[in-house]
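To find a chain, count down the sequence lines: A is the first, B the second, and so on, and within it residues start at 1. This is a predicted model, so every value here is computed, not measured.
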Protein chains: 2
Amino acid sequence: MPSRKPAQKDSTSLRKTTPARRSPCPVSCALDLFGDRWTLLVIRDLVFGKTRFKEFTSSPEGIPTNILSDRLERLREGGIIEQVPATEGGKRMAYALTEKGMSLRPILKMLRDWGLQWEDGTRVSLE
Amino acid sequence: MPSRKPAQKDSTSLRKTTPARRSPCPVSCALDLFGDRWTLLVIRDLVFGKTRFKEFTSSPEGIPTNILSDRLERLREGGIIEQVPATEGGKRMAYALTEKGMSLRPILKMLRDWGLQWEDGTRVSLE
DNA sequence: TAAATTCACTTGCGAAATGCAATCAATAAG
DNA sequence: CTTATTGATTGCATTTCGCAAGTGAATTTA
């Protein structure tokens, strides 16, 4: 029989089901989507023009690859990113922000400005 | 002889030492402070005028009390909140945003607006 | 002032998430 | 075809989370 992927996810995968919304509060719902230590850093990288798995892992914070996989999947489910062909006609995929994802840019910008103002020793990357 | 643990704190406490900054990125540093599912909800409650431990626990999301204790302590360490006497002459304490904490209001506001725009069924509380 | 109640946590513990290294299949390059 | 790179997955130890119960001081009530 031909090699096939498991229908969905088995016991070894991170996060089995989509977790329920904690409340109808818009802040709470936003945090349900990207309220953790890594997700907004991936979105930051996307805003910076990164599109490939390897590029995300090479950011200075060093996100573990299993966490990255999980967050990319979660962001895709949440409609914040989508997969597009990395090269014309190629089969490898790259990631891109959707319109919904793009709309997070002002929030990222405010976070950056806040950090620069209140946290000593922070600076924007020079890439 | 058995290898011994670097005697920081005992097994019962949440979070042993202040975790190190992951990178000098201002976004990353901001997330080191409040990048999780609960912290910004506590700040939201403070912005809404709540000041007491019990008030935070009675928010609809239902933060566990041990998590709340941990987050309040973390926010205090980060200079985002401070403790003030709850009543004149009383011994009970209440929590209040510092200037640094107040400066997070626009971020909360953007998160709220983003949620209202992109997440169906969200609404601001009527309290 | 004594008793009852509320408040602000702390503790214990099972479940879930995290972080790390190792591995692997598919694609791309040579 | 052979090798290297990419984009992940797997296993496992450690940490954190979430829930329920407990505790002692502060406040309120009788």
Side-chain angles (χ1 to χ4, degrees), chain A residues 2-20 22-23 31-32 34-39 41-42 45 50-59 61-76 81 83-95, chain B residues 3 5-6 8-20 22 31-32 35-39 41-42 45 50-76 81 83-95:
Chain A
S3 67
R4 67 149 71 206
K5 289 205 169 173
Q8 252 308 330
K9 306 230 169 176
D10 55 37
S11 61
T12 63
S13 66
L14 292 171
R15 187 170 45 82
K16 339 173 170 311
T17 56
T18 313
R22 289 174 291 173
S23 87
L31 294 177
D32 285 339
F34 50 79
D36 72 281
R37 293 158 40 73
W38 294 111
T39 304
L41 295 183
V42 175
D45 286 351
K50 297 186 177 182
T51 62
R52 309 292 292 270
F53 194 93
K54 192 75 179 296
E55 294 182 287
F56 302 131
T57 63
S58 63
S59 283
E61 294 84 12
I63 184 171
T65 59
N66 55 343
I67 303 292
L68 177 57
S69 286
D70 179 75
R71 295 305 188 273
L72 288 170
E73 169 65 11
R74 202 179 287 216
L75 286 172
R76 208 183 48 71
I81 64 173
Q83 282 182 305
V84 295
T87 63
E88 198 182 335
K91 294 199 171 179
R92 298 254 174 156
M93 289 299 194
Y95 297 93
Chain B
S3 62
K5 293 251 173 104
Q8 10 198 19
K9 273 206 172 180
D10 67 283
S11 59
T12 62
S13 68
L14 252 50
R15 187 169 45 82
K16 7 201 139 299
T17 56
T18 313
R22 289 174 291 174
L31 295 177
D32 285 339
D36 72 281
R37 296 159 38 74
W38 294 110
T39 304
L41 294 184
V42 174
D45 285 350
K50 297 185 177 182
T51 61
R52 307 292 292 270
F53 194 94
K54 192 78 179 296
E55 293 180 288
F56 303 133
T57 64
S58 62
S59 284
E61 294 83 14
I63 184 171
T65 57
N66 54 342
I67 304 291
L68 177 57
S69 285
D70 180 75
R71 295 306 186 274
L72 289 171
E73 170 64 12
R74 202 179 289 216
L75 286 172
R76 208 183 47 73
I81 63 173
Q83 283 183 305
V84 295
T87 62
E88 197 182 335
K91 293 199 171 180
R92 291 255 164 105
M93 289 298 193
Y95 297 95

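An OP1 or OP2 oxygen of D/dT6 is reached within less than 4.0 angstrom by a side-chain nitrogen or oxygen of A/K54. Considering only side-chain N and O atoms, B/Y95 lies under 4.0 angstrom from the phosphate OP1 or OP2 of C/dC9. Note on B/W38: a side-chain N or O is less than 4.0 Å away from OP1 or OP2 of D/dG18. In terms of phosphate contacts, B/R52 brings a side-chain nitrogen or oxygen within less than 4.0 Å of OP1 or OP2 of C/dA8.
When the nucleotides C/dT10, C/dT18, D/dA8 are ranked by their closest atom to the side chain of A/I67, C/dT18 comes out on top. Comparing D/dA20, D/dG7, C/dT18 by their closest approach to the side chain of A/R92 singles out D/dG7. In the set D/dG11, D/dG18, D/dA8, D/dG11 carries the atom at the smallest distance from any side-chain atom of A/N66. Comparing C/dG19, C/dC9, C/dT27 by their closest approach to the side chain of A/K91 singles out C/dT27.
How far CH2 of B/W38 is from CG of A/L31: 10.0 Å, rounded to the nearest 0.5 Å. Distance check, rounded to the nearest 0.5 Å: CG of A/D70 to OG1 of A/T65 gives 11.5 Å. In this structure, the separation between OH on B/Y95 and CZ on B/R52 is 9.5 Å, given to the nearest 0.5 Å.
Backbone-only contact: B/G90 has heavy atoms under 4.0 Å from sugar-phosphate atoms and none from a base.
What separates CG of A/L68 from C1' of C/dA17 is a distance of 16 Å, to the nearest Å. Atom C1' of nucleotide C/dA8 and atom CZ of B/R71 are separated by 17 Å, given to the nearest angstrom. Summarising the geometry, the separation between CG on A/D70 and P on D/dG7 is reported as 18 Å, rounded to the nearest angstrom. We find that CD of B/E61 is positioned 13 Å from P of D/dC19, with the value rounded to whole Å. In this structure, CG of B/D36 is placed 11 Å from C1' of D/dT16, rounded to the nearest angstrom. B/E88 places its CD atom 18 Å from the C1' atom of D/dA26, with the value rounded to the nearest Å. Separating the CZ atom of A/F53 from the P atom of D/dG7 is a distance of 8 Å, rounded to the nearest angstrom. What separates CD1 of B/I63 from C1' of D/dC17 is a distance of 11 Å, to the nearest Å.
In terms of polar N and O atoms assigned as donor or acceptor, the side chain of B/S69 never comes within less than 3.5 Å of the base of C/dT10 in a complementary pairing.
Scored by the salt bridge (charged side-chain N to carboxylate O under 4.0 Å, His left out) test, A/D32 finds A/R22, B/R37 as partners (sequence neighbours excluded).
Of the two residues near DNA chain C, A/R37 and B/E55, the one whose nearest nucleotide lies more 5' is B/E55.
The nearest pair of heavy atoms linking A/L68 to A/V42 is CD1-CG2, 3.9 Å.
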